[in-house]
S.K.: 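Take a look at the following structure, please.
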2 protein chains.
Amino acid sequence: MKAKITLKDIARELEVSISTVSKALKNSEEISRDTKEKVQAFAKLYNYKPNNIAISLKNKRTKNIGVVIPDIVHHFFTTVIRGIEKYANARGYNVIVCLSEESFDKEVINMEMLANGSIDGFIMSLSSETQEKGDFNHLKEVTEQGIPVVLFDRITNEVDCDKVIIDDELGAYMATKKFIEQGKKKIALITTDDYLSVSKARTSGYRKALEESSLGVDESRILKLPSMEMDEKRIKDFLDSQELDAVLCVNEIFAVYSMGLAQRKGLKIPEDISFIGFTDGLLSKYANPSLTVVSQHGEKMGEVSAKMLIDKVESEEEEETYQTKILEPTLVIRDSIFH
Amino acid sequence: MKAKITLKDIARELEVSISTVSKALKNSEEISRDTKEKVQAFAKLYNYKPNNIAISLKNKRTKNIGVVIPDIVHHFFTTVIRGIEKYANARGYNVIVCLSEESFDKEVINMEMLANGSIDGFIMSLSSETQEKGDFNHLKEVTEQGIPVVLFDRITNEVDCDKVIIDDELGAYMATKKFIEQGKKKIALITTDDYLSVSKARTSGYRKALEESSLGVDESRILKLPSMEMDEKRIKDFLDSQELDAVLCVNEIFAVYSMGLAQRKGLKIPEDISFIGFTDGLLSKYANPSLTVVSQHGEKMGEVSAKMLIDKVESEEEEETYQTKILEPTLVIRDSIFH
DNA sequence: AAGTACAGCGAAAACGGTTTCGTGTTGATA
DNA sequence: TATCAACACGAAACCGTTTTCGCTGTACTT
């Protein structure tokens, strides 16, 4: 086991000072050609690599980004992480992932763990419990300490920071309008309670499209589940309780599950009933029939978030100006609707 | 913006030395009741939290784990991360995730980035390129430096370290046997080239089950794709080229896609043709029909890996003894086969 | 009165770097 | 010959902790 070599080791071996070694390795003008060559050769030979921790302590920069998300098994968050990771890595940053598992307490604990020097900034999507509680003090504390935060997807307006979202209202509006254009009359919405910022916006887009049409909103056609967790019984009861010819769901799991129920009842998709979901995941692509979705462009969202964060981290000025980027959703047409 | 407070700040305010503050906060016997109370009260008031980086530098322990995996969008890896994250967090560790994207170079670069002090140990699954090349020097270097490594799922025997796998051969054997028991005769396998350790083992289990039966292996019923990437054309051509009554696939995507093709040909599942895949993801659960799979217990695998790694990191002894844990796969029976 | 014990605290080194600010040597210049 | 700039390097501070060791003062012992 050959331990890591340090500047001190090189200095001792070559009988020069630590400062000289440090400068030589950085190709400083101050050091003679001769010495530089000697030091660099030695460093290469022993595979010297500076200790990141020491550099972090000195620079007060860790080159780590903290990502705190509710869940990692949902395809959307996975793609966001991938986007963040790719972009961050290209700029020399590492990504520390923490899962809040939709719990307020875990979100707080995770942030506290990371906020004491481990990271240069946060990229987060709020846990449902946090959005429900409306308590954002942990975020405020962090921003007050000067640690930059970028909120994506599940955001709040009560915290001053950069934000990245897709236009969820528009997405739902587009989807609902598509149904209407295709002659669907009884259009349902399976969503979650309004405390989730995204669900609220999507519900609003759904309403808007219906209100603009001659159809109007029928409240009994809206199912609000308490969370994004699958609740097979409630969805089944809801779909069994009435006749529908189109269903919009706030995620792909609800949609694919609903399609299965419809098929078991002998309904033809999309003729008898059409479906559109949110999130363009594997499930949508490989479902049978494949599911039309409102794509949230998770990877793009991750990239944009990472760019905003790193730009802020590396900017010298302490401008307290925050922006909210709104990405456009797109409808990915597949076999669960006419086309 | 109130910046973080340090020991030095407290010392200055309270007119004591830094050492005294440090000790007082740790409730050292050395410090008088009075002073301790004063210091602790002050620290609490100003919400003092020790700087992780400084502590890392001092202790040569970061409480960070580096996880390097080929991909994050595959359900299996996602669940493993979740298992790692949960367990590691409970023991006070953070998880730094890096994606190799199946590239040897990225794997090397990521490891190098992390190996210079950022982490206490690695949990990894090899990229396909690494397994194909058979070059494991980056792993060897790291272990030689005394950094513990745990390899999971995609492993190699050329590196001395702890390993966690499921019994892939057994999993494929169980699945194939199930087909045979259900009277299937023409059983195909869709897999990848043997350089992927898991595919090799699975192919071997498939062969074993067939050889044990009266059926025997028909090489034309084995499709070896170059990677885990979806190749719709080759799968379609393969399935179109012959008559089959059962298909085992090394992942759920291949299986679900294949089911779709069969259905479009008018075949009934599972009567005319049955399917089993690997990986118990959302896709399997919500596919139509739902897919029977060999579950790899990703979350468990993550937990076990994290436990092995952290135990090693925290153990004092430098015992160079490594173990390989083999988890049992289980067959999750769903509608794509008889039951 | 001298010695001892101990409580309570601070100085300083250490972790591994970076960076500022000298300082001694050399050769050229006036 | 005295002056000076340039060159090449080292000492030391610093980032924020922890920890060892030594010092001071008080109280107690004999």
Side-chain angles (χ1 to χ4, degrees), chain A residues 3-40 42-43 46-64 113-120 145-147, chain B residues 3-40 42-43 46-64 113-120 145-147:
Chain A
K4 282 252 137 186
I5 193 176
T6 69
L7 286 187
K8 198 198 269 189
D9 300 328
I10 304 183
R12 190 176 354 89
E13 284 317 301
L14 264 44
E15 298 183 305
V16 291
S17 76
I18 295 180
S19 359
T20 302
V21 177
S22 175
K23 289 171 194 162
L25 291 174
K26 308 195 98 92
N27 241 316
S28 159
E29 293 296 317
E30 247 179 284
I31 307 298
S32 71
R33 232 175 182 300
D34 240 38
T35 314
K36 279 199 275 193
E37 277 171 8
K38 226 186 298 174
V39 171
Q40 290 174 3
F42 191 92
Y46 286 92
N47 193 28
Y48 168 79
K49 293 278 165 52
N51 180 307
N52 291 332
I53 298 290
I55 294 181
S56 293
L57 184 60
K58 185 96 241 275
N59 299 349
K60 303 181 145 216
R61 284 280 176 80
T62 62
K63 292 231 153 196
N64 286 155
M113 262 187 94
L114 295 180
N116 301 311
S118 300
I119 50 99
D120 295 340
Q145 281 171 30
I147 303 178
Chain B
K4 281 256 139 182
I5 193 176
T6 69
L7 287 187
K8 196 197 271 189
D9 299 328
I10 303 184
R12 191 178 350 91
E13 285 314 303
L14 263 42
E15 298 184 306
V16 291
S17 76
I18 294 180
S19 356
T20 303
V21 178
S22 175
K23 290 170 193 163
L25 290 174
K26 305 196 100 88
N27 241 316
S28 159
E29 293 297 318
E30 245 179 285
I31 307 297
S32 71
R33 237 182 180 297
D34 241 40
T35 314
K36 279 199 274 194
E37 278 172 9
K38 227 184 300 175
V39 171
Q40 290 173 3
F42 191 91
Y46 286 92
N47 191 30
Y48 169 78
K49 293 277 165 51
N51 181 307
N52 291 334
I53 298 292
I55 294 181
S56 294
L57 183 57
K58 189 96 239 287
N59 300 347
K60 302 182 146 216
R61 283 282 174 79
T62 62
K63 293 229 150 199
N64 286 156
M113 263 187 91
L114 295 179
N116 303 121
S118 300
I119 49 104
D120 296 340
Q145 281 171 29
I147 303 178

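Letters go in sequence order (proteins before strands), and every chain restarts at 1. All of these numbers come straight from a predicted model, not from anything done at the bench.
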S.K.: Regarding B:Ser56, tell me which of base, sugar-phosphate or nothing describes its non-hydrogen contacts under 4.0 Å with the strands shown.
M.R.: nothing
S.K.: For C:dA11, does the base pair up with any side-chain atom of B:Ser19 as donor and acceptor (N or O, under 3.5 Å, distance only)?
M.R.: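 Yes.
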S.K.: CD1 of A:Ile18 versus C1' of D:dC9: gap in Å, rounded?
M.R.: 14 Å
S.K.: For a quick check of understanding: with a heavy-atom distance under 4.0 Å over all strands, which category does B:Lys23 fall into, base, sugar-phosphate or nothing?
M.R.: base
S.K.: What's the closest nucleotide to the side chain of B:Pro50 if the choices are D:dT17, D:dC9, C:dG16?
M.R.: D:dT17
S.K.: Rounded off to whole Å, could you give me the CG-to-P distance for the B:Leu25 and D:dT19 pair?
M.R.: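 In whole Å, D:dT19 P lies 13 Å from B:Leu25 CG.
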S.K.: Could you work out which one of D:dG10, C:dT18, C:dG16 sits closest to the side chain of A:Leu7?
M.R.: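 Among the listed nucleotides, the one closest to the side chain of A:Leu7 is C:dT18.
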S.K.: Grab the NZ-P distance between B:Lys8 and D:dC14 for me, whole Å please.
M.R.: 6 Å
S.K.: Rounded off to whole Å, could you give me the CG-to-P distance for the B:Leu57 and D:dC14 pair?
M.R.: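 So the two atoms are 17 Å apart, to the nearest Å.
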S.K.: Could you check whether B:Ser22 gets within reach of a base, just the sugar-phosphate, or nothing at all, counting any heavy atom under 4.0 Å?
M.R.: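 If one applies the 4.0 Å heavy-atom cut-off, B:Ser22 turns out to touch a base.
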S.K.: CD of A:Glu15 versus C1' of D:dG10: gap in Å, rounded?
M.R.: 14 Å
S.K.: Tell me whether the OP1 or OP2 atom of C:dC9 has a side-chain N or O from B:Thr35 closer than 4.0 Å.
M.R.: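 Yes.
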S.K.: Quick one: B:Ile55 CD1 to C:dG16 P, roughly how many Å, whole number?
M.R.: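 Going from B:Ile55 (CD1) to C:dG16 (P), I get 16 Å.
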S.K.: Does a side-chain N or O from B:Tyr48 land closer than 4.0 Å to OP1 or OP2 of D:dT17, or not?
M.R.: yes
S.K.: Starting the side chain at C-beta, find the nucleotide from C:dG10, C:dC15, D:dG10 nearest to B:Lys58.
M.R.: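 For the B:Lys58 side chain, the nearest candidate turns out to be C:dC15.
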